[in-house]
**Student:** 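I'd like to ask you about the structure that follows.
Just so it is clear: chains get the letters A, B, ... in the order the sequence lines come, proteins before strands, and each one is counted from 1. FYI, side chains are in, hydrogens and waters are out, and symmetry mates aren't considered; it's all heavy atoms of this structure.
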Amino acid sequence: MAVTVKVPAQLRSLTDGAAEVSIEATTVREVVALLESQHPGMGARLLDESGALRRFLNVYVDDEDVRFLDGIETSVPEGSKVSIIPAVAGG
Amino acid sequence: MKYVAGLRCRECGNEYLVSPQHVCELCFGPLEVIYDAEAIAADVTRAELDRGDTSMWRFAAFLPAPDERVDIGAGGTRLIAAPRLAAEIGLRKLWLKSDAPNPTHSFKDRVVSVALSMARHFGYEVAACASTGNLANAVAAHAAAAGMKSIVFIPADLERGKIAATTIYGGEVIGVEGSYDDVNRLCAELAGSKPWAFVNVNMRPFYAEGSKTIAFEIAQQLGWRSPDAVVVPIASGSLLTKVAKGFREFEQAGLIENKPVKIAGAQAAGCAPVAEAFVAGVEDVRPVKPATIARSLAIGDPADGYYALQEVRGSSGSIANVPEEEVVSGIELLARTEGIFTETAGGVAISGLERLVRSGAILPGEETVVLITGIGLKTLEVTRGESPTHIIKPQVEALAEVLSWQ
């Protein structure tokens, strides 16, 4: 199922500058895996050594923080928007 | 900026040139300004700082400080003895560091003065921010004085006083339908595409450094020493971590003696993710959906919560979780005992202090400084007393009828 992934400025060197990419995935975990296969290097930037989403990275599915959902296992419905955003902002 | 050596990722240590970016490209960790600490220690003296004026920019050696600054008088606030509040709470020596007298009446003037000075240095013409209110005031005011355009983003349902104290400066004030965390996410996204200086996004490494000046001033005002404990309200956790860093940098510079300072925090129960993580003994802060009257602290996903926890734990401090009904009683207690009218964040700090003393986290003999970060006049809707305590006819007898204590 196609979802739109919003890529932060810090990762656009891996997407040839694209701010959005389209991916066929059903969970955030699959989104990350497919990003890595289509844009090598992405996995290491998104996940820490233990395979968890990095501490200072926030992921939103349709504007909801996945930490309020099922974390990296959060499902991504057809047509949804997955936003990857640096966590260190504000305050 | 003779002492600024660059930016460094707090997590992986990767270094960057001084530039408008706030997170590490490799691991997304926060970037911090690094300084030539040896050169600072060699050059900066107490005598020189005592001779300077009272502006926060007298500490320029410890800040990202371009020659041309956006300065409308931030900082230089007094440290006020609080004997009546101390007696009520059960402390022997208590000080208030009240930032209410700042140009826009909160500590945010300090951070914005630094952020917009750097924004001008980088050539930006538009100042922006995500704000719970006080920051919006400060950005709009400083941008006006710098001749910059401003566009600030706030939760649409913010206190009216906070909105009125922003729109007056003539910039754009965008009310976003959502919480502060929604506003913040929007701004983090916008910062990736707009050529604007978001003070708490792409300017954040510089912005945050401004909070150190609170610690610097406290140390100088105490006669070149640090207090035993400091109580800091927590929103993003940036203020708390930078106050702790400020005392450390003064120690490294040889301006004060090395001495542990207990770093304590306070949050309102309706948005207490850092206090909850502290009690739970976990290292990461789990975000919450804020529901607190302390709107200026209503950050459910605090960017520096992780580091604030480390500072508190590393200094044998604690974090008070203040019940919502004690937010206003804290405001009233400070007003009644010391004649200072603070906003909700100050109410959280005062009631938090009370709880920290009662629980033994701060001991009666520990000389304590509590940060009063903003003025009460912007949040009038939370306090009682919009009518007189009595209404009488203009007659002497009429007063006698209503007053029991004359």
**Student:** How far does CG of Leu11(A) sit from CZ of Phe28(B), to the nearest 0.5 angstrom?
**Tutor:**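 The CZ atom of Phe28(B) is 3.5 Å from CG of Leu11(A), to the nearest 0.5 Å.
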
**Student:** Side chain, backbone, both or neither: which part of Asp63(A) has a non-hydrogen atom closer than 4.5 Å to chain B?
**Tutor:**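 Its backbone and side chain both get close to chain B.
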
**Student:** Once rounded to the nearest 0.5 Å, what's the spacing between atom CZ of Phe56(A) and atom CD of Glu11(B)?
**Tutor:**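 Reported to 0.5 Å precision, the distance equals 4.5 Å.
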
**Student:** Between Val183(B) and chain A, with a heavy-atom cut-off of 4.5 Å, which part of the residue counts as in contact: side chain, backbone, both or neither?
**Tutor:**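 Looking at Val183(B), nothing touches chain A.
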
**Student:** Between Ser131(B), Pro287(B), Ser236(B), Gly29(B), which shows the greatest number of heavy-atom pairs under 4.5 Å with chain A?
**Tutor:**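 Top count of heavy-atom pairs under 4.5 Å with chain A: Pro287(B).
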
**Student:** With chain A, which of Val199(B), Leu31(B), Asp284(B) has the greatest number of heavy-atom pairs at distances under 4.5 Å?
**Tutor:**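 Sorted descending by pairs with chain A, the first entry is Asp284(B).
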
**Student:** Looking only at non-hydrogen atoms, find the nearest pair between Ala303(B) and Ala89(A) and report the distance.
**Tutor:**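 Closest approach of Ala303(B) to Ala89(A): CB-O, 3.4 Å.
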
**Student:** Is Phe153(B) close to chain A through its backbone or its side chain, or both, or neither, when contacts mean heavy atoms under 4.5 Å?
**Tutor:**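 Contact with chain A: none, neither part.
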
**Student:** Flag the pair Arg67(A) / Asp301(B) as yes when at least one side-chain heavy-atom distance between them is below 4.5 Å, and no otherwise.
**Tutor:**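 Arg67(A) reaches Asp301(B) side chain to side chain.
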
**Student:** If you count heavy-atom pairs under 4.5 Å with chain A, which of Ile299(B), Asp182(B), Asn184(B), Thr132(B) comes out on top?
**Tutor:**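 Winner by heavy-atom pair count: Asn184(B).
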
**Student:** Between Leu297(B), Leu186(B), Val288(B), which shows the greatest number of heavy-atom pairs under 4.5 Å with chain A?
**Tutor:**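 Sorted descending by pairs with chain A, the first entry is Val288(B).
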
**Student:** Between Ala130(B), Gly192(B), Cys129(B), Ala188(B), which shows the greatest number of heavy-atom pairs under 4.5 Å with chain A?
**Tutor:**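 Among Ala130(B), Gly192(B), Cys129(B), Ala188(B), the one with the most close pairs to chain A is Gly192(B).
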
**Student:** If you tally heavy-atom pairs under 4.5 Å against chain A, which of Lys289(B), Lys108(B), Arg204(B), Arg185(B) wins?
**Tutor:**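 If we count pairs closer than 4.5 Å to chain A, Arg185(B) comes out on top.
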
**Student:** Look at atom CD of Glu177(B) and say whether more than 12 heavy atoms of other residues, nucleotides or ligands are closer to it than 6.0 Å.
**Tutor:**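 No - once you tally the heavy atoms of other residues, nucleotides and ligands closer than 6.0 Å, there are 12 at most.
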
**Student:** Could you list the donor-acceptor pairs under 3.5 angstrom formed by side chains in residues 12-21 of chain A, with sequence neighbours left out?
**Tutor:**
from     : atom 1 : to       : atom 2 : distance (Å)
Arg12(A) : NE     : Val7(A)  : O      : 2.9
Arg12(A) : NH2    : Val7(A)  : O      : 3.1
Thr15(A) : OG1    : Arg12(A) : O      : 3.3
Thr15(A) : OG1    : Ala18(A) : N      : 3.3
Thr15(A) : OG1    : Ala18(A) : O      : 2.8

**Student:** Between the side chains of Arg55(A) and Tyr306(B), is a donor N or O closer than 3.5 angstrom to an acceptor N or O?
**Tutor:**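 Distance-only check passes for Arg55(A) and Tyr306(B).
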
**Student:** With rounding to the nearest 0.5 angstrom, report the CG to SG distance, Leu46(A) to Cys27(B).
**Tutor:**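 Between Leu46(A) CG and Cys27(B) SG, I get 12.0 Å after rounding to 0.5 Å.
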
**Student:** Crowded around Lys81(A) NZ? As in, over 12 foreign heavy atoms under 6.0 Å?
**Tutor:**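 Atom NZ in Lys81(A) is crowded, with more than 12 foreign heavy atoms closer than 6.0 Å.
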
**Student:** Does any backbone or side-chain atom of Arg45(A) lie under 4.5 Å from a heavy atom of chain B? Answer side chain, backbone, both or neither.
**Tutor:**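 Both backbone and side chain of Arg45(A) come within 4.5 Å of chain B.
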
